[in-house]
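Below is one structure; the comments refer to it alone.
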Amino acid sequence: MNKNREIAQIFETIADMLEVLEENRFKIRAYRNAARNIMELGDKIEEVEGRGELQSISGVGADLSRKISGYLETGKIEEYERLKERVPPGAVELLSIQGLGPKTLATLIKKLGVRGLSDLEKVLDGEEIKKLPRMGQKKIEEMRRGIQIVKEGGERIPLGAALPTALEITSLVREMPGTLDAVITGSIRRMKENNKDIDILALTRDGGSVIKAFVELPIVREVHAQGETTGSIITGEGVKVNLRVAGPDSWGGALQYFTGSQAHNVKLRILALSKGCNLNEYGVFRGENRIAWKSEEEFYEALGLEWIPPELREDRGEIEAAAKGEIPDLIQLADIRGDLHTHSTWSDGRYGIEQMAAAARDMGYEYIAVTDHSPSSRIANGLSTERLMEKKKDIQRARKRVTGISILFGAEVDIKSDGSLDYPDDVLKELDVVIAAVHSGFNMERAAMTARITAALKNPCVHALAHPTGRLIGTRAPYEMDIDEVIDTALKHGKALEVNSQYLRLDLNDINTKQAVDKGVKIIISTDAHHTNQLKLMGLGVGTARRGWLQTKNVINALGINDLKRWLKTPGKLSA
DNA sequence: GCCGTTTTCGGCCCGACTGTTTTCAGTCG
């Protein structure tokens, strides 16, 4: 079990409990802040504790580090145990219900003895609740709807699903009379892998009527809020969409504010205060004077910062880097010169080699590797050695028929449980590109899985490790393995790790990518396309990689074809 | 409870919208 997650969740729950008890709000924030940083920590917290470095974690001081050590030793945190007696843990979970906050929950616990969801449902149907202060019929209805949403799952929307929907709604907004422009903001602009809602900002001089048109769109199932500057709706599909409007006189401030993240914005505001400024969604102010508002660049500059790409705005060191002028030159979609992980009808793809190659060429790529599955992947119609050699002939044919792109002969080769590969080395040597991947036996023990994967990385025929952690967003946890050791092994043997762009994978994720990048490991960003359309998923991988602070110089498939071929021959030898 | 480019003490982000009020508390982002 992941101790980072356990501890982060306990700290979050403690914060919730303290909120219900109306404790000092800065203490509450301290718990939340520490929880977030522990969650995002690349290292395992046991190891940090072992090195005696808990207090190097941002937001963890003397007291919280003691609590963490105590938890690792005994499995308990005393304060948490004490709090559980005062605030029923089942009741705390009710805070995830929209419209039900800490104050209301405290009253419900105190006056009506609510200890969990079923209690709340009963109470909402009763008469007693109506006697509570500030409690009317609408409030009760709002909580009922909130319960419904939680029961429906209230799940986060994966980026790959959120982005197209957000684009669609944004273009509807852009077409509204009086709208000058509309853009996606919020977590989707930051390319987060999953998203609670969709945030859109419209540029207009007539906010009220744009908001009015927005809440009247046919896609709207329910209007959550409607004001002069903000509208909030639930779509027929149950997705929450927030629209914010801003005029040209505050565009930069609004764009910055509405892009977040919250942690990034809070830190910026503290920085502004230290410089004698104030900031809000209308701009940067010095006393009564507004000193920046037009653009994000101007906004950041007023605070003495370089402009920060949205993907970095998570309070993971980007503000400090921007102050020093050290924001990295992040990889962009346009820097990608080819796709090194795709499938064809030879295994489980929908299109032949020629069609995949032509589609890649039409996207402006210089090369594509068609990397079908190996024999152990039976379900995916993996290729026997014999069929692999037939495929080689097909590749050669395709090279003649589809010009303007280099077609590389590749395979996505299973890493078997013992760490050996699914083709013998003399077959692997025939291939231009060898991507190794785990497709079975996910539930191995940590040490065994680590050994299995590192063994594959040590094979001189292997170029890269595909979807290194095996996680599926919202479905399957990463394999138990030592990611640090995998990264170190890749570095030592000059092998690349993949950022897979399939939207339930995005694997490596942002944090693991940053760990790998910080150590100097090369990355391939690939689509794993099983369809010509899926070649377009590259943007999701690039977005994830940017969140991992990935620079063009670290990306193998940002190399031109000649440099790529050189690297493929001797992956360990390429200099940065 | 954390933290330091004026600080080891005294700070800690800011505004919009709703519902239940009659001036604002609660919630959200």
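Numbers restart at 1 for each chain; the letters A, B, ... are given by sequence-line order, proteins then strands.
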(request) Just compare B:dA16, B:dG29, B:dC14 and give me whichever is closest to any side-chain atom of A:L273. (result) B:dC14
(message) Just to be sure I understand the rule, does A:K240 reach a base, reach only the sugar-phosphate, or reach nothing, if contact means heavy atoms closer than 4.0 Å?
(response) sugar-phosphate
(message) Need one value for A:E142: base, sugar-phosphate or nothing, where a base atom within 4.0 Å counts as base even if backbone is also close, heavy atoms only.
(response) nothing
(message) Please determine whether a side-chain nitrogen or oxygen atom of A:N278 lies at a distance below 4.0 Å from atom OP1 or OP2 of B:dC13.
(response) no
(request) Looking only at side-chain atoms of A:Y257, point me to the closest of B:dT18, B:dA16, B:dG29. (result) B:dG29
(request) Please work out if A:E281 contacts a base, only the sugar-phosphate, or nothing of the nucleic acid, heavy-atom cut-off 4.0 Å. (result) sugar-phosphate
(request) Give one of base, sugar-phosphate or nothing for A:P102, where a contact means two heavy atoms less than 4.0 Å apart. (result) sugar-phosphate
(request) Using a 4.0 Å heavy-atom cut-off across all strands, classify A:I97 as base, sugar-phosphate, or nothing. (result) sugar-phosphate
(message) Please determine whether a side-chain nitrogen or oxygen atom of A:R269 lies at a distance below 4.0 Å from atom OP1 or OP2 of B:dG15.
(response) no
(message) Base, sugar-phosphate or nothing for A:I28? Non-hydrogen atoms, less than 4.0 Å.
(response) nothing
(request) Could you work out which one of B:dG1, B:dC13, B:dG19 sits closest to the side chain of A:N24? (result) B:dG1
(message) Considering every strand and a 4.0 Å limit on heavy-atom distances, what is the contact class for A:S232: base, sugar-phosphate, or nothing?
(response) nothing
(request) For A:Q137, answer base if it contacts any base atom (sugar-phosphate contacts may also be present), sugar-phosphate if it contacts only those atoms, and nothing otherwise; contact means non-hydrogen atoms under 4.0 Å. (result) sugar-phosphate
